[in-house]
Amino acid sequence: MASPIEVSAAVNPNGKPRAVVSGGAGFIGSHLCEALLDHGLRVLALDNFITGSPTNTKHLEGRADFEFRKANVNEAISVDGDVRYVLHFASPASPPQYDANPIHTLKVGTLGTMNMLGLARAKSATFLLASTSEVYGDPLVHPQPETYWGNVNPIGPRGCYDEAKRCAEAFAMAYHRAHDVDTRIIRIFNTHGPRMQVSDGRAVPNFMAQAIRGEPLTVYGDGSQTRSLCYVADLVRGVLANLEKGDELPVNLGNPHEVTMLELAKKIIELSGAQSSIVHKELPVDDPRQRQPDITRARTMLGWEPKVGLEEGLQKTLEYFRSVLS
Ligand code: NAD
Ligand code: UDP
């Protein structure tokens, strides 16, 4: 058995509640750490950099309430001091990355989730799981409400991610029912924004990097498959609202504005002013045909809905990619 990782943290000097964020050096995790600090919490971020980077939290390093520990949450975690919130965001999240690390992806959704739930239980903390719209697989119900159980292929290339997240949800419910842990599950739909990795292989970074470089945009299949894109600031607001007002049942967080991938590629060419063409490449196995969140539950329970429109969000993300690619 792997030896436990000792994660030490300074004793609370000022009574501020403390959050532990796994995946804190990732795209969404780094925005979340920043928002939690801005809301007056102390933050301990844990990350093993499998897909994240120290540069994502560099701007937080000078903040007295921010602490970072390199840690693999698939192994036992021990954190000293008080903890009010445990937020589990660690996991490879792009199809090429989880395809390249299938066992790690399964472990972080299962063992990693169990370890983070164990931490929440030990500290009597509220636990929040970053789940995904992938639990719906290639959905036969459209748009997807939380009551839909999904259409997932467990043995396809996406199975390591989809099934790990489904197991993670089952773990959260089990800790809630068996140990009375205060748990939350958010199902995140495609989210984009600054600090996404240029080369993580997802549609937004690929299209933007290709447009900025003047290369053809690679649309997989005929591009008629749809996604609904949420800007990261909206998503993070939803996470905080769910911590405050949510219950143990899953809640979709995403922007219901649905577009085809061909429309998205054309929009990014237009917004970037690129001269790029579009080339079609093979559609990956089990690529979901359609994706749109039903956010009725988030609207009614949390009073949350996205505020950043598709074009406005894409402009902001494009600015970021220009800054890192120039
Ligand atoms: P990301 O790859 O940028 O961030 C994930 C972070 O987790 C990385 O920093 C990585 O190094 C870290 N990590 C992975 N395994 C770890 C481990 N065992 N121990 C410690 N750290 C580990 O991806 P992201 O887009 O920011 O996704 C964050 C979370 O949100 C993931 O759980 C993902 O499944 C979920 N999610 C994201 C989206 C999206 O559109 N971005 C959609 C649905 C769900
Ligand atoms: N996609 C594409 N070209 C790319 C990358 C992705 O057409 O260069 C497609 C992909 O096949 C999928 C959609 O864009 O249909 C969204 O892919 P992404 O990896 O961003 O997210 P996910 O499939 O996990 O929703």
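Each ligand, and each atom within it, is numbered from 1 in the order the structure gives.
Taking the centre of each ring, Phe49 and Phe68 come in below the 6.0 Å mark. In this structure, Tyr231 has its ring center closer than 6.0 angstrom to the ring center of His192.
Nearest heavy atoms, Val108 versus Ala90: CG2-O, 3.5 Å.
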Verdict with reasoning, Val204 to Asn190, per side chain to side chain contact (heavy atoms under 4.5 Å, CB included): CA-CA 9 Å; Val204 169; Asn190 299 64; over 6 Å; no
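Checking each of His142, Arg227, Gln290, Arg291 against Glu258 for a side chain to side chain donor-acceptor pair (under 3.5 Å) leaves exactly one that passes, namely His142.
Taking the six-membered ring where the residue is Trp, Tyr98 and Tyr161 present parallel rings, their angle staying beneath 30° rather than reaching 60°. Ring-plane geometry between His88 and Phe127 is classed as tilted, the angle between the planes lying from 30 to 60 degrees on a 0 to 90 degree scale.
Annotation: ligand 1 has protein neighbours Gly23, Ala25, Gly26, Phe27, Ile28, Asp47, Asn48, Phe49, Ile50, Thr51, Gly52, Ala71, Asn72, Val73, Asn74, Phe89, Ala90, Ser91, Ala93, His104, Val108, Ala130, Ser131, Thr132, Tyr161, Lys165, Ile188, Asn190, Thr191, Gln197, Arg202, each with a heavy atom less than 4.0 angstrom from the ligand. Protein neighbours of ligand 2 below 4.0 Å, counting non-hydrogen atoms: Pro95, Glu134, Arg158, Asn190, Gly201, Arg202, Ala203, Asn206, Phe207, Thr218, Val219, Tyr220, Gln225, Arg227, Met261, Pro284, Asp287, Arg291.
At least one side-chain heavy atom of Phe27 sits under 4.5 Å from a side-chain heavy atom of Thr191. Between Leu310 and Leu229 the shortest side-chain heavy-atom distance falls below 4.5 Å.
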